[in-house]
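The next block holds one structure in the form of structure tokens; read it before the comments.
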Amino acid sequence: MRSVFSSAVALGVLGFAGTAPAAIDVVATTEDLASLTREVGGDKVKVEAIARGYQDPHFVEAKPSFILKLAKADLLLVIGRELEVGWLPPLIQQSRNAKIQPGAPGYLDASLTARILEIPTGLITRAMGDVHPFGNPHYWLEPDNGRRIAQAIRVKLTAMSPADAPTFDARYADFDRRLKEAEARWDAAMAPHRGLKIVTYHRSWPNFCERFGLEVIGYVEPRPGIPPSPRHTIDLIQEMKRQGVKILLVEPYFDLKTPASIGRATGARVLVLAPSVGGEKEITDYIALFDYDIKMLVEAIRAGGGR
Ligand SMILES: [Zn+2]
């Protein structure tokens, strides 16, 4: 007993003196959170995402490999607002990792410090299958929320590894500076199109559209998470014609059949737009996500999808 204890101490001392401390092992539920963690953590963190950027984050297939990742994680980052409720809780439970259970220090819900839109007033319910019962969980699609998430990550990583605080502070400041520069670029690109009316498939874009001055007048889904119905589609087509809507945004994981028929009926352009890092191969990080989406959107608008 005593010898085991002594050698463990000796190994610990050797490890501390002889090599760099191990990186903080972070698992993020989405590639957006993983990207923001890399921005702040640099080589002080080792980050893996669970959902791929081209997958619907509400519905992710729970693979056993995810449990293994979670079992060794020091920190789990989640989007929250029940985005992951359909697949994450059993994975966390089966990981048997006390550090990352909800409420534990190694569990960070990024929605707690973000600006959340569409918070229901009155009774909270998932009635009729609405998958946004606690407000809109796609809030990362607003640069200032990216900044808020990065800030929450900075605070958390600092608490976990106080000695690395100067690194996290400097990296956060650098990200903030690059994000501000990028926002000026995005604002300039979108300025001529402010007030443009669009339709989206899922309610993924309220933060994005508010930030960049687009008005969403309807959705292909009757309610978030509910597939299109013929009645709803007919109403939507009429409303799009009435308001002259020429852009229909579709997330990469939805069937294009209904959007294509709406496009034919209204003359609107159907634009598949990535809501997440990794949604297209050139979207390698959080800032590249907005660069890509805004470039695609402006091209579609100029090609006849509006003003
Ligand atoms: Zn959603």
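Here the structure is a predicted model, which means the values were calculated and not measured. One-based numbering, in listed order, for ligands and for the atoms of each.
Between H138 and W140, the ring-plane angle classifies as tilted under the 30° and 60° cut-offs.
Aromatic rings from F212 and F208 are positioned such that their centres are separated by under 6.0 Å.
Remark: side-chain polar atoms of E82 are not paired, donor with acceptor, to backbone N or O of P133 under 3.5 angstrom.
Inside a sphere of radius 2.8 Å centred on the Zn ion (ligand 1), the protein N/O/S atoms present are H58 NE2, H132 NE2, H138 NE2, H202 NE2.
Salt bridge status for R177 with E181: present, with a side-chain N to carboxylate O gap under 4.0 Å.
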Worksheet item: Between R203 and N136, does a side-chain contact (heavy atoms from CB on, under 4.5 Å) hold up when you go through it step by step?
Response: CA-CA 8 Å; R203 283 183 182 253; N136 194 290; 3.8 Å; yes

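Shown here for A189 and I294, the closest heavy-atom pair between the two residues is CB-CG2, 3.8 Å.
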